[in-house]
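All of these numbers come straight from a predicted model, not from anything done at the bench.
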Amino acid sequence: MAMCAARAASSDKTAPRARAAAVRCIGIMGGMFDPVHLGHVQSAASVREQLALDSVLLIPCGNPVHRGKAFAAADDRCAMLELAVAQQPWLQLDRRECRSAAPSYTIDTLTALHAEQPDVSWHLLLGVDAFLTLTNWKQWQQLFALAHLIVMTRPGYHFNPALLPFELLAEWEERRVTDAAALAQTRQGSILCVDVQSADLSSTRVRHLLKTAADPGSILHPAVTAHIRRRGLYQSGELA
């Protein structure tokens, strides 16, 4: 089993107990995955490697609150994710939001995961855009009691904290850490920015390629492309 980076590296017998304990560290990446593409997988892999996570859960949104509904049905999005991660045992599909009729709120999902596995150190993976809008999320301040927040940036991208809403800026200044080792001091509650190595892709771009019959090539797993063609997905309607 892998361990968080700081725990794996530390041999100091005087280190804090939270640092010495063999705690499982699991990442959570939510999103529409409409469809899942290479950028999703590469981002998850990059964070996993840098933070030495045991695994990463991919949790497709079932009933979005802050955006429009998905173009593909939940069953199709889950099927595509299942195909995309089949050869990646550290990547795991969690269908809970798609199986629920309730609105998909991250705080509810994290609360459920924490109740099921209270000994896990959960790491919530967020893109910069999502982090900037965090104060619009349901009970957003409670997220820190359940997980570390990992803000994914691209190499060379300058993240400007001045863009954060006042309340979130206060949390940033109090909770921000600068390296993976600092995360191991507690089970949750820190914010870390991580540069991710991934293709510059969006599901919007992928959908337009598929609608125009352009070959998506390596940006989609071949089995995902086959599923899309077989099901006739992303061929009609407004693809924004």
Side-chain angles (χ1 to χ4, degrees), residues 3-7 10 15-31 43-44 46-48 50-61 64-67 92 94 96-97 100 102-153 157 159-196:
M3 293 192 298
C4 292
R7 292 181 287 104
S10 175
R17 181 172 299 179
R19 193 172 162 187
V23 176
R24 284 191 303 144
C25 296
I26 300 178
I28 302 168
M29 180 184 283
S43 294
S46 183
V47 175
R48 181 206 178 216
Q50 293 182 62
L51 304 187
L53 301 178
D54 291 278
S55 58
V56 176
L57 296 183
L58 300 180
I59 307 182
C61 180
V65 178
H66 299 295
R67 56 172 297 167
Q92 300 167 9
D94 188 309
R96 72 182 64 222
E97 291 187 6
S100 172
S104 298
Y105 289 110
T106 300
I107 186 64
D108 295 338
T109 299
L110 254 178
T111 298
L113 288 168
H114 195 274
E116 293 165 10
Q117 301 184 70
D119 295 331
V120 166
S121 178
W122 297 100
H123 293 55
L124 179 62
L125 280 52
L126 299 171
V128 172
D129 290 345
F131 184 62
L132 288 172
T133 64
L134 195 68
T135 56
N136 296 327
W137 294 22
K138 176 185 176 183
Q139 297 175 3
W140 68 273
Q141 289 170 309
Q142 298 304 312
L143 296 172
F144 298 112
L146 299 171
H148 291 307
L149 270 60
I150 311 301
V151 183
M152 299 180 292
T153 62
Y157 175 86
F159 172 63
N160 185 2
L163 299 175
L164 296 173
F166 176 77
E167 288 180 295
L168 184 54
L169 179 60
E171 298 288 355
W172 165 270
E173 292 175 342
E174 177 183 350
R175 299 177 180 278
R176 178 176 176 254
V177 296
T178 57
D179 56 56
L183 291 179
Q185 302 302 316
T186 59
R187 293 278 185 91
Q188 63 275 321
S190 296
I191 304 172
L192 174 67
C193 276
V194 174
D195 280 345
V196 297

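Atom CD1 of I26 sits about 4.5 Å away from atom CZ of R24, to the nearest 0.5 Å. L125 CG to F131 CZ: the interatomic distance, rounded to the nearest 0.5 Å, is 13.0 Å. The distance from atom CG of L164 to atom OG1 of T135, rounded to the nearest 0.5 Å, is 9.0 Å. Note: S121 OG to D54 CG = 10.0 Å, rounded to the nearest 0.5 Å. Atom OG1 of T133 is separated from atom CG of L126 by 8.5 Å, given to the nearest 0.5 angstrom. Here S55 contributes atom OG and R48 contributes atom CZ; the two are 8.0 Å apart, rounded to the nearest 0.5 Å.
Across A180 and L51, no two heavy atoms sit closer than the pair CB-CD2, 3.6 Å.
Considering only heavy atoms from C-beta on, I28 stays 4.5 Å or farther from L58 through its side chain. In this structure the side chain of V177 never reaches within 4.5 angstrom of the side chain of I191, judged on heavy atoms.
Residues that satisfy the ring-ring contact (aromatic ring centres under 6.0 Å, His included) test with W172, not counting sequence neighbours, are F159.
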Got a list of side-chain donor-acceptor pairs under 3.5 Å for residues 138-151, not counting sequence neighbours?
unit_1: K138; atom_1: NZ; unit_2: D108; atom_2: OD1; d: 3.3
unit_1: K138; atom_1: NZ; unit_2: D108; atom_2: OD2; d: 3.2
unit_1: H148; atom_1: ND1; unit_2: G189; atom_2: N; d: 3.4
unit_1: H148; atom_1: ND1; unit_2: S190; atom_2: N; d: 3.1
unit_1: H148; atom_1: NE2; unit_2: L183; atom_2: O; d: 3.0
unit_1: H148; atom_1: NE2; unit_2: T186; atom_2: O; d: 3.0
unit_1: H148; atom_1: NE2; unit_2: R187; atom_2: O; d: 3.4

Go through V47 and L53 one step at a time and tell me if the side chain to side chain contact (heavy atoms under 4.5 Å, CB included) criterion holds. CA-CA 8 Å; V47 175; L53 301 178; 4.2 Å; yes
